[in-house]
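First the structure, in the form of structure tokens, and then the observations on it.
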2 protein chains.
Amino acid sequence: MARPKDETKIDAIFEATLKLVQKSGFNGLKMADVAKAAGMATGTLYIYFKNKDVLINELFLSLKQSKTSRMMAGYDAADSFADTFRKLWFNYLELSLAEPERMLFIEQFAHTSFLTKKTKQQGDQMLEPLIAFLEQGMQKKIIRKMPMDLLLSQLMGPIYETIKAQQSKKLVLTPAQKQGMFEMAWRSVAF
Amino acid sequence: MARPKDETKIDAIFEATLKLVQKSGFNGLKMADVAKAAGMATGTLYIYFKNKDVLINELFLSLKQSKTSRMMAGYDAADSFADTFRKLWFNYLELSLAEPERMLFIEQFAHTSFLTKKTKQQGDQMLEPLIAFLEQGMQKKIIRKMPMDLLLSQLMGPIYETIKAQQSKKLVLTPAQKQGMFEMAWRSVAF
DNA sequence: AACTAAAATGAATATATATTCATTTATATT
DNA sequence: AATATAAATGAATATATATTCATTTTAGTT
């Protein structure tokens, strides 16, 4: 019919947004800056995203989707609970250390007023496979029984805080320290 | 000399700011709204605080100061390490559960572009007594040896995440669950 | 090659909101 | 009681920035 949308622009916009949020937070994010960093005119942003809120919410979902599927990579229901737990935990840690900006975007955005109800609900849904896995562990008495929210807090909390520390100071983790973190996580929740 | 400043206004401004940030985040915070909620004219805010950034940074320091001293309440160098650890940990948990808005203000603000270098440095300084205490525990081989940042992340992370969960869902913790959280914390870091 | 429709542009517009300041009010000092 | 000084006011100003839209460019269609 006519000129088609250039789908690669969406990625360019996402990357630019991520970079700018990392530098100056959600507050400082300006549409004009996003456009410039993405190499296009301001108005073009509005062809791909209705407005700033929509842009940020969609970026959030995209990041969360990617994060979740990478965490679950290699999941095999045939493996033992302990092995799977170790695998997922390390997936999550490495993911977090490798791309702290992406993880912090997700984590921080989840507590801003930009987050819409719908986005929140869609984001929560993505965690379901993980939740099912952990429920199983509790049922089998391999990990302590507790409300899912507490369990997730216990497991994710230290990782989030670690990458925050990694950001401000320039903490680099040795393999032994990563192993230590895993042991702490495991000991804390093991039955 | 002349009309004195009404120091109670500072508290009113802080309370109003806290309430509004809780409702609509740092983004949505408007000086006009703060003034209204605090029962004064917009211009009055500028008598007590140079500008919005200063206001928020000072509120942050005030909250962090209060939080820290309440966490250290009852600290006695004569007590055993384990007893003190338990006391401080429960102080922190109860503080967090009782005033999640205050804790989240601190936690979230620490990662916004509003936070100035100076404020950050002043805030970090407040943690020093806690850090000294934990160092001791590592030296005495009561808790595992690890970089302080990792230890703090391990201990604080789950609590932050828990109050975030408490905010969105209406999770209420039973005494047994609190005890369970403590056990997880202790087991994870104990030597 | 001409045509069409949508993408892309970016200056102009609309809006939101932080900050200022001329004026009024209140308190301490004389 | 009069005076001086600073607090308090809130409308006006300045500024920042999200969004729009008339215009231009581009890619597909005939």
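Proteins come first, then strands; the chains are lettered A, B, ... in the order of their sequence lines, and each starts at number 1.
Distance Asp6(A) CG to dA5(C) P: 22 Å, rounded to the nearest Å. Separating the NZ atom of Lys5(A) from the P atom of dA7(C) is a distance of 6 Å, rounded to the nearest angstrom. As a whole-Å value, the separation of Lys30(A) NZ from dG10(C) P is 19 Å. The interatomic distance linking Arg3(A) (CZ) with dA6(C) (C1') rounds to 8 Å, in whole Å. In this structure, Glu7(B) places its CD atom 15 Å from C1' of dA8(D), rounding to the nearest Å. Atom-to-atom, OH of Tyr46(A) to C1' of dT19(D) comes out at 5 Å; the value is rounded to the nearest Å. Taking atom NZ of Lys36(B) as the reference point, atom P of dT9(D) lies 15 Å away to the nearest angstrom. For Asp33(A) and dA18(D), the CG to C1' distance is 12 Å, given to the nearest whole Å.
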Before giving the answer on ring-ring contact (aromatic ring centres under 6.0 Å, His included), spell out for Phe14(B) and Tyr48(B) the whole-Å C-alpha distance, their side-chain angles and the decisive distance to 0.1 Å.
CA-CA 11 Å; Phe14(B) 278 172; Tyr48(B) 293 88; over 10 Å; no
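Looking at heavy atoms from C-beta onward, Gln154(A) lies out of side-chain contact with Arg144(A) at the 4.5 angstrom threshold. Counting heavy atoms from C-beta on, the side chains of Ile13(B) and Thr44(B) never come closer than 4.5 Å. Looking at heavy atoms from C-beta onward, Ile47(B) lies in side-chain contact with Lys5(B) at the 4.5 angstrom threshold.
None of Leu88(A), Leu127(A), Leu151(A) except one satisfies the side chain to side chain contact (heavy atoms under 4.5 Å, CB included) rule with Leu134(A); the exception is Leu151(A).
Counting non-hydrogen atoms under 4.0 angstrom, Lys9(A) reaches the backbone sugars and phosphates but no base.
The phosphate of dA7(C) (OP1 or OP2) has no side-chain N or O of Thr44(A) nearer than 4.0 angstrom.
Between the side chain of Asn57(A) and the backbone N or O of Thr116(A) there is at least one donor-acceptor pair closer than 3.5 Å.
For the segment residues 47-55 of chain B, residues with any heavy atom less than 4.0 angstrom from an atom of DNA chain C are, sorted by number, Asn51(B), Lys52(B).
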